[in-house]
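Structure record follows, encoded as structure tokens.
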Amino acid sequence: MSNVRRLPGPIVDLWEWQRFGACRGRDTAQFFHPDGERGASRNRRETGAKKVCGTCPVRPECAAHALTVREPYGVWGGFSESERLRLLAVGWEDLADRRRTRVDISRLEARLGRPFHSTGPSTIPAQRAAS
């Protein structure tokens, strides 16, 4: 059973970012592994999911959400399950905004020892930023 105590309350502003996700409407199987998936198959699926995340305008919000609630499964914000566990172990909170709703993606990736290669927009769409 999931521990829902860490989840933020039902405040629409905290969840609005999901409407702009590049993953919205895609098959969730691209982001969540089937039982028993390992090795090259898992790496290929995660790489494909991370490519989608790389173009996502709400990647900082998605990654912050996954780290805040300790999302146990899937690729969120361009980070796999094992990468999020490493970030939780070494610390990530100093790379988040005050409310932990956004994180600095390039610095998270640097903390994991991988170069930052964003191909997508780094800001939230204008219609969302205005709200």
* To do: Give every residue pair that meets the salt bridge (charged side-chain N to carboxylate O under 4.0 Å, His left out) criterion with at least one member in residues 21-38, sequence neighbours excluded.
  => E37-R45

Check [X] against [Y] and note the closest heavy-atom contact, atom names and distance.
| X | Y | value |
| --- | --- | --- |
| V103 | A64 | CG1-CB, 3.8 Å |
| A63 | I105 | CB-CD1, 3.8 Å |
| C53 | G78 | SG-N, 3.3 Å |

Rounded to the nearest 0.5 Å, what separation is found between the [atom1] atom of [X] and the [atom2] atom of [Y]?
| X | Y | atom1 | atom2 | result |
| --- | --- | --- | --- | --- |
| C56 | F20 | SG | CZ | 11.0 Å |
| L112 | R86 | CG | CZ | 4.5 Å |
| C62 | F79 | SG | CZ | 10.0 Å |
| E83 | K50 | CD | NZ | 3.5 Å |

* Asked: What residues, two or more places apart in sequence or in another chain, satisfy side chain to side chain contact (heavy atoms under 4.5 Å, CB included) together with R44?
  -> A40, S41

So, are [X] and [Y] salt-bridged, with charged N and O less than 4.0 Å apart?
| X | Y | value |
| --- | --- | --- |
| R100 | E61 | no |
| R111 | D104 | no |
| E81 | R84 | no |

* Stepwise side chain to side chain contact (heavy atoms under 4.5 Å, CB included) test for V69 and W76 -> CA-CA 12 Å; V69 302; W76 290 78; over 6 Å; no

* Side chains of L67 and L108 in contact at under 4.5 Å (non-hydrogen atoms) -> yes

* To do: List for me each residue that meets side-chain hydrogen bond (donor to acceptor under 3.5 Å, both in side chains) alongside S82, sequence neighbours excluded, and say none if there are none.
  => S80

* Full working for side chain to side chain contact (heavy atoms under 4.5 Å, CB included) between H65 and W17 -> CA-CA 10 Å; H65 165 77; W17 61 268; 3.7 Å; yes

